[in-house]
Each structure stands twice: as structure tokens, then as C-alpha cells.
Amino acid sequence: MKNTVVLVGAPVQTGAKIQGCLMGPDALRTAGLQTSLESLGYHVLDRGNVVPSSYPDRVHSNSVVHHLNETISWTETLYDVALNEMRQGHLPVFLGGDHSMAAGTVSGIAQAAAEAGEEQFVLWLDAHPDFHNLSTTTSGNLHGTPAAYFCGLPGFEGYFPDLKTTIKPENICMMGLRSVDNAERTALQKVEIETYDMRRIDENGVVKPVTEFLERVKKAKGRLHVSFDVDFLDPDIAPAVGTTVPGGATFREAHLIMEMLCDSQLVTSVDLVELNPFLDVRGRTATLMSDLVCSLFGKQVLDHPNRA
């Protein structure tokens, strides 16, 4: 991994209905993320929180869609930030914010990879595939659309920015799925995204799918973006999320994935999304997410002190 890690706050909450994700970046900072990464030997730059400068004025025919203009503006802003950080050779960690932010972060890093002549891969750790388009969403929550957008699926034309570079579906691995709408299921069946719902993880564990995916990235000499949604984790250990779905990843499964990613030395960018401190218990989820990021960057479980 690169030695310069850049923290970028993306206090996005327009993609969800439950308010509170705008506090996510500062909760991760309060949990000591920067200090912990510096103790592991990384040079860490905190860019603070980015803010969109202006909003378009567009209305979609799907009347349930809300905060469309704000989400478009966030997408444009985060695309530019992600592209710029990758061009500078940094490893950006985007502190969210709801998952709609990935429409901007992932499309930006995809463009940077294309400019460098390299393949971009995405490990999507989430209870949801977020594979709706603007017409198929029944909730109107645009945090359910970013993966479809950065894959270049139809349904965003005339609203979201046209993408020069998209992520190839076959370069995506989604793990932890356990809440998939019918429209998303239909769309996923038409593409070559590798999907691992919790049943497949229960049957095979996390080692096999993660190992196989990392081998594909390594063989292609590709870049790897990790988009980590809090609801990938079981709500018993990570309650601070507005979209809780029982039966998520355990503490050890999550740490094992992070440790395997660290060992691979393939990760070039990270999203941390859907942390809602308003729903947390004494900072429990923010602390866990910070610990998991540190595992991704080289902290060993044996380094953890005993806790009462």
C-alpha cells in the first residue's frame, strides 16, 4: 500500500431518509482514525469535509425520488476529488456519509485507473447491492443506486454526469448481501458481478471468495477499491446504521477480510459509508469501523489491548 493516506470527509445524507450520516466523518475522526493510522507508519493528510458548490435543477418522473439535485452535485464533487487524489498517487479514504457518495468516489477512481492504463476492481461490502436506477427505486433513496450508475447501466441519462469510464461488472465482487429488491435481482442477473450473499458465506466462509477475488485482481495487475457499508456488519456489533439487516458479518469475519486485504497489498482506495452516529451506542460502531480500517492498514489483532 502507499504511504500517504488522505482522509476525505463526505458528509452526505441526501441519499437516505434517516438523518445523521452527515456526522459520520467527524465520528470516525473522533474515534482516532488518523492517530491510529499514523501509529502504523503512514503519513496521513486530512482534507476536512468537502461540500458541493452548487445544485442543478432537475426533476425526475419517478415522484418518490428525493434530493436528486443534491445527490447529483455530490456525485460531481466527489468525482473530481477522487480523480485528483488518485492522480497525485495518494490512497484516499472517503469518510461517509451515505452510500450514494460511491457514485462519485468510484466513478472518479475508475477514471484515474483508465488514465493510468490499469484495471479497476471493486470489493463491495454491503447488505444491499445498491443496483437500482432512478426509475426502479421504490423508496426514492438514492443510496440504493450508485453501483448501477458506476457500472454504466441505463436509467441515469440526462440527470447524473455522463461517465467516460465505467467499472466492468465482472470486476466487482459483492459480499454480505441479504436485502435485494426484485428489480435489483433482475438487473444483477443480466451482468457478471460476483455476488456472495450471507448463505454462501455461511456455507463457504469468507476466505475462499476473498482469496479468489484477490487472485483475479493480482493477475490483472489491477487496482482495488473497497466500499465498506456499516450494514455489512451484524447490527448486534454495529448498530449505528439506518438500514439494519440482521445476520451480517461477525467481528472476526470482518477483521479477517481486512487482514487479507492488507496482506494482498492491492487496495488503492476506500469508502466508509452509512455510519450514523445518532444511532450509535457510546461510539461503539465508529470505534469498530476505525479498528477495521486499521486492520486493513496493517494492525494485527494481537496488537489489541485487553478490554474490560
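Side-chain atoms are counted along with the backbone in the values below, which use heavy atoms only and exclude waters and symmetry mates. Residue indices begin at 1 and follow the sequence shown. Note that the structure is a prediction, hence the values are computed from the model and not measured.
Residues Ile201 and Met175 share a closest heavy-atom pair of CD1-CE, 3.9 Å. The shortest non-hydrogen separation linking Cys151 to Ile193 is SG-CD1, 4.3 Å. His255 and Ser295 make their closest contact through ND1-OG, 2.7 Å (heavy atoms, listed as atom of the first residue, atom of the second, distance). In terms of heavy-atom proximity, Asn49 sits nearest to Pro25 at OD1-CB, 3.7 Å. When every heavy atom of Ser107 is checked against every heavy atom of Ala103, the shortest pair comes out as OG-O, 2.6 Å. Closest of all the heavy-atom pairs between His66 and Thr14 is CE1-O, 3.6 Å.
By the 30° and 60° cut-offs, the orientation of the rings of Phe94 relative to His225 is tilted. The aromatic rings of Tyr159 and His60 lie tilted to each other, with the angle between the two planes from 30° to 60°. Ring pair Tyr149/Phe160 is tilted by interplanar angle, where 30° to 60° counts as tilted.
Pro239 has its side chain within reach of Thr285: a pair of non-hydrogen atoms, C-beta onward, lies under 4.5 Å apart. In this structure, Glu274 and His128 have side chains that are not in contact, with every pair of non-hydrogen atoms separated by 4.5 Å or more. The shortest side-chain heavy-atom distance between Ile109 and Arg223 does not fall under the 4.5 Å cut-off. Using a 4.5 Å heavy-atom threshold, the side chains of Val44 and Phe297 count as separate. Looking at heavy atoms from C-beta onward, Pro56 lies in side-chain contact with Asn69 at the 4.5 angstrom threshold. No side-chain heavy atom of Asp130 sits less than 4.5 Å from a side-chain heavy atom of His143. Contact check for Met86 versus Ser269: side-chain heavy atoms found under the 4.5 Å cut-off. Taking 4.5 Å as the limit, some side-chain heavy atom of Leu224 sits within range of a side-chain heavy atom of Leu261.
Checking side-chain atoms of Asp234 against main-chain N and O of Thr250 turns up no donor-acceptor pair under 3.5 Å. Put simply, the side chain of Glu119 never gets that close to the backbone of Lys221: no donor and acceptor are under 3.5 Å apart. With hydrogens and angles ignored, the 3.5 Å screen pairs no side-chain donor or acceptor of Asp280 with any backbone N or O of Arg282. Judged purely by atom type and a 3.5 angstrom limit, Glu157 uses its side chain to pair as donor or acceptor with the backbone of Gly155. In this structure, Asn84 contributes its side chain and Asp80 its backbone to no donor-acceptor pair below 3.5 Å. Formation of a donor-acceptor pair under 3.5 Å by the Asn62 side chain with backbone atoms of Thr137 is found in this model. Judged by distance alone, the side chain of Gln13 and the main-chain N or O of Gly20 form a donor-acceptor pair under 3.5 Å.
In this structure, Trp74 has its ring center at least 6.0 angstrom away from the ring center of His67.
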Residue pair Leu233, Phe228: steps toward the side-chain contact (heavy atoms from CB on, under 4.5 Å) verdict: CA-CA 9 Å; Leu233 304 167; Phe228 193 151; 4.0 Å; yes

Check against side chain to side chain donor-acceptor pair (under 3.5 Å), His99 and Asp126: CA-CA 10 Å; His99 220 158; Asp126 196 336; 3.0 Å; yes

Derivation and outcome, side-chain contact (heavy atoms from CB on, under 4.5 Å), residues Val293 and Leu28: CA-CA 10 Å; Val293 175; Leu28 289 164; over 6 Å; no

Test log, rule ring pair (Phe, Tyr, Trp, His ring centres under 6.0 Å), inputs Trp124 and Phe131: CA-CA 12 Å; Trp124 190 263; Phe131 219 60; 9.1 Å; no

Steps toward side chain to side chain donor-acceptor pair (under 3.5 Å) verdict (Asn182, Arg185): CA-CA 5 Å; Asn182 288 334; Arg185 185 176 292 106; 3.0 Å; yes

Lys164 vs Glu115, salt bridge (charged side-chain N to carboxylate O under 4.0 Å, His left out): CA-CA, chis, key distance, verdict: CA-CA 11 Å; Lys164 296 179 183 177; Glu115 291 177 359; over 6 Å; no

Criterion side-chain contact (heavy atoms from CB on, under 4.5 Å) on Thr138 and Val64, from CA distance to verdict: CA-CA 7 Å; Thr138 56; Val64 299; 5.8 Å; no

Val106 vs Asp271, side-chain contact (heavy atoms from CB on, under 4.5 Å): CA-CA, chis, key distance, verdict: CA-CA 9 Å; Val106 179; Asp271 289 330; 3.9 Å; yes

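With salt bridges taken as basic N to acidic carboxylate O contacts below 4.0 Å, none links Lys219 and Glu215. Ion pairing between Arg29 and Asp26 holds under the 4.0 Å rule for side-chain N and carboxylate O.
Counting heavy atoms of neighbouring residues, nucleotides and ligands inside a 6.0 Å radius, atom NZ of Lys168 does not exceed 12 of them. More than 12 heavy-atom neighbours from other residues, nucleotides or ligands sit within 6.0 angstrom of CG on Asp263. Applying the 6.0 Å contact sphere to CD1 of Ile18 captures no more than 12 heavy atoms from other residues, nucleotides or ligands.
Listed by chain and number, the hydrophobic cluster partners of Val245 come to none, as no ILVMFWY side chain reaches under 4.5 Å of it.
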